[in-house]
2 protein chains.
Amino acid sequence: MGRGKIEIKRIENSTNRQVTFSKRRNGILKKAREISVLCDAEVGVVIFSSAGKLYDFCSPKTSLSKILEKYQTNSGKILWDEKHKSLSAEIDRIKKENDTMQIELRHLKGEDLNSLQPKELIMIEEALDNGLTNLNEKLVINLLNQLISMWLML
Amino acid sequence: MGRGKIEIKRIENSTNRQVTFSKRRNGILKKAREISVLCDAEVGVVIFSSAGKLYDFCSPKTSLSKILEKYQTNSGKILWDEKHKSLSAEIDRIKKENDTMQIELRHLKGEDLNSLQPKELIMIEEALDNGLTNLNEKLVINLLNQLISMWLML
DNA sequence: TTAGCTATCTATAAATC
DNA sequence: TGATTTATAGATAGCTA
């Protein structure tokens with residue numbers, strides 16, 4: 001439909017591809033709207049351009065969420081399994097990170113030290129010493145700054 | 001497009017509606033396929049007839065699941081059920097906990113102290129002192145135990 | 001680049017089988 | 001009903017500004 005027939009294969013010229021995308025995207029979204037009105041159908045359309053921009057349509061009086069729920073019931077395909085797994089995996093990962101930090105924190109507070117090797121204890125002591133050193137530096141600097149401020153205000 | 005122009009409103013004659021649905025459904029699915037090939041777009045289409053029958057399309061090399069995941073990331077809209085919401089909520093919660101601990105750890109190591117109030121610095125110092133005290137107690141006990149062991153082995 | 005403009009191609013409404 | 005056939009409305013490819 002247009003000045004010439006085109007073959008259905010990837011348009012190599014990127015400008016043309018973008019223009020065609022924009023036109024056809026509008027076409028599909030319009031058709032989707034029309035069929036949903038004309039035929040009382042529930043329609044959900046999600047389109048990503050190759051640049052990753054999102055366009056979507058969903059029939060009035062429903063929602064993508066509802067349509068997809070129906071899709072799952074109807075097709076038996078589970079859409080969320082993958083997502084589910086990845087979420088669970090992320091939770092596990094973060095929880096592990098959490099546990100590690102929890103333990104490190106407790107150690108730095110001098111708790112739960114019984115299971116540690118002497119070498120580990122030494123490392124913790126070094127960390128604490130280091131922390132104290134840094135902190136004291138900071139406190140000294142603060143104090144100096146305060147003194148200077150007071151001095152300047154005289 | 002056809003022998004006569006039609007108004008875009010629900011087709012009352014149920015036979016016509018069904019026929020039109022069938023034709024237009026094919027049209028949309030074809031267009032979806034075409035744009036995905038021509039323009040390298042990711043497309044997902046789900047259509048339910050008014051009778052509840054399901055038709056769908058998804059671009060090759062991806063899956064509805066992946067497209068919808070991307071949709072959510074991109075639009076910020078949440079499509080899935082309560083379980084996913086609760087998983088997402090848990091991730092948020094754990095991440096916050098994580099951040100808090102991260103900060104506390106850095107503080108105990110004497111890092112990122114600039115934004116802190118003197119009072120907070122003092123509290124950190126107390127925590128560090130406390131940790132050192134506990135740790136040293138532990139080290140002393142360990143040493144004693146070791147000595148006792150050696151003593152007993154004599 | 002983005003927005004119109006047609007000539008042409010496609011989709012499809014109505015008719016026919 | 002369902003498939004096939006037109007005549008026409010609608011979509012759009014290639015231009016142009």
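Chain identifiers are assigned alphabetically (A, B, ...) following the order of the sequence lines, protein sequences preceding nucleic acid strands; residue numbering begins at 1 within each chain.
- With rounding to whole Å, B/Ile8 atom CD1 is found 17 Å from C/dA11 atom P.
- Remark: C1' of C/dT12 and CD of B/Gln18 are 16 Å apart, rounded to the nearest angstrom.
- Side chains of A/Asn74 and B/Lys53: a donor-acceptor N/O pair is absent below 3.5 angstrom, by distance only.
- In this structure, the side chain of A/Asn16 does not engage the main chain of A/Glu12 through any donor-acceptor pair within 3.5 Å.
- Note on B/Glu90 versus B/Arg93: salt bridge recorded, some NZ/NE/NH1/NH2 to OD/OE distance being below 4.0 Å.
- The environment of A/Gln18 atom CD is sparse: at most 12 non-hydrogen atoms of other residues, nucleotides or ligands sit within 6.0 angstrom.
- No side-chain donor-acceptor contact under 3.5 Å links A/Glu125 to the backbone of B/Leu135.
- Near DNA chain D, defined here as any heavy-atom distance below 4.0 Å, the residues from residues 27-40 of chain A are A/Gly27, A/Lys30, A/Lys31, listed numerically.
- Summarising the geometry, atom CG belonging to A/Leu64 is positioned 13.0 Å from atom CD1 belonging to B/Ile78; distances are rounded to the nearest 0.5 Å.
- In terms of position along DNA chain D, the nucleotide closest to B/Thr15 lies nearer the 5' end than the nucleotide closest to the other residue of the pair B/Thr15 and B/Arg24.
- Residues that satisfy the side-chain hydrogen bond (donor to acceptor under 3.5 Å, both in side chains) test with A/Asn145, not counting sequence neighbours, are absent from this structure.
- Here C/dA14 presents its C1' atom at 20 Å from CZ of B/Phe21, a figure rounded to the nearest Å.
- The line from CG of B/Leu38 to NZ of A/Lys23 is 13.0 Å long, rounded to the nearest 0.5 Å.
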Return the polar atom pairs (N/O with N/O) between nucleotides 14-17 of chain D and the protein under 3.5 Å, or none.
residue : atom : partner : partner atom : Å
D/dG14  : O6   : A/Lys23 : NZ           : 2.6

